[in-house]
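Everything on this sheet refers to the single structure shown next.
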Amino acid sequence: FRIGTPIEFPAGTTRILPERQVRIVSTDQGLAAMSLVCTHLGCIVGESPSGFLCPCHGSSFDPQGKVTGGPAPRPLRWLQVSQGADGALQVDATKEVSPDVYYRPMKIG
């Protein structure tokens with residue numbers, strides 16, 4: 001799914017897209033997308049002072065999505081970010097990447 005253009009995500013931007021259940025982070029390294037779907041039973045986690053918290057069963061995650069309290073069996077998923085030929089940024093929710101993978105947008109045009 002498309003999330004916008006690189007100019008909409010300058011370094012230092014953090015944006016939650018509730019309709020897509022992802023959190024987009026833009027740093028000097030590039031852009032990354034983290035799923036907000038809890039790995040326990042699929043509830044949507046919310047931000048908390050220490051990272052993320054599942055309102056359904058109490059799983060907690062640090063800011064990078066690592067489990068800090070169960071019952072979630074694994075970290076939150078980081079998703080592949082890419083860029084279309086028209087310059088639009090895209091997230092592929094079917095492709096998981098490691099948390100240290102950031103996409104550097106190319107300048108189009």
[X] side, atom [atom1]; [Y] side, atom [atom2] - distance, nearest 0.5 Å:
| X | Y | atom1 | atom2 | result |
| --- | --- | --- | --- | --- |
| Arg104 | Ser26 | CZ | OG | 9.5 Å |
| Gln90 | Gln80 | CD | CD | 9.5 Å |
| Arg15 | Leu31 | CZ | CG | 10.0 Å |
| Phe52 | Ile44 | CZ | CD1 | 12.0 Å |
| Asp92 | Ser82 | CG | OG | 7.0 Å |
| Ile3 | Leu89 | CD1 | CG | 5.0 Å |

Any sub-3.5 Å donor-acceptor pair from [X]'s side-chain atoms to [Y]'s backbone N or O?
| X | Y | value |
| --- | --- | --- |
| Thr5 | Ala88 | no |
| Gln83 | Met106 | yes |
| Thr27 | Ala11 | no |
| Arg77 | Cys38 | no |
| Ser35 | Trp78 | no |

[Y] and [X], any side-chain heavy atoms less than 4.5 Å apart:
| X | Y | result |
| --- | --- | --- |
| Leu41 | His57 | yes |
| Arg23 | Glu47 | yes |
| Phe61 | Thr39 | yes |

Item checked: With His40, the side-chain contact (heavy atoms from CB on, under 4.5 Å) member among Cys54, Cys56, Pro71 -> Pro71
Spell out, yes or no, whether [X] and [Y] are grouped together once hydrophobic residues are joined by side-chain heavy atoms under 4.5 Å, including indirect joins.
| X | Y | value |
| --- | --- | --- |
| Leu36 | Leu53 | no |
| Val67 | Leu76 | yes |
| Val97 | Val37 | yes |
| Leu17 | Val81 | yes |
| Phe9 | Ile16 | no |

Item checked: Trace of the side chain to side chain contact (heavy atoms under 4.5 Å, CB included) decision for Thr94 with Leu79 -> CA-CA 8 Å; Thr94 66; Leu79 308 173; over 6 Å; no
Next item on the list: Answer yes or no: are there more than 12 heavy-atom neighbours, outside Arg2 itself, under 6.0 Å from its atom CZ?
Entry: no
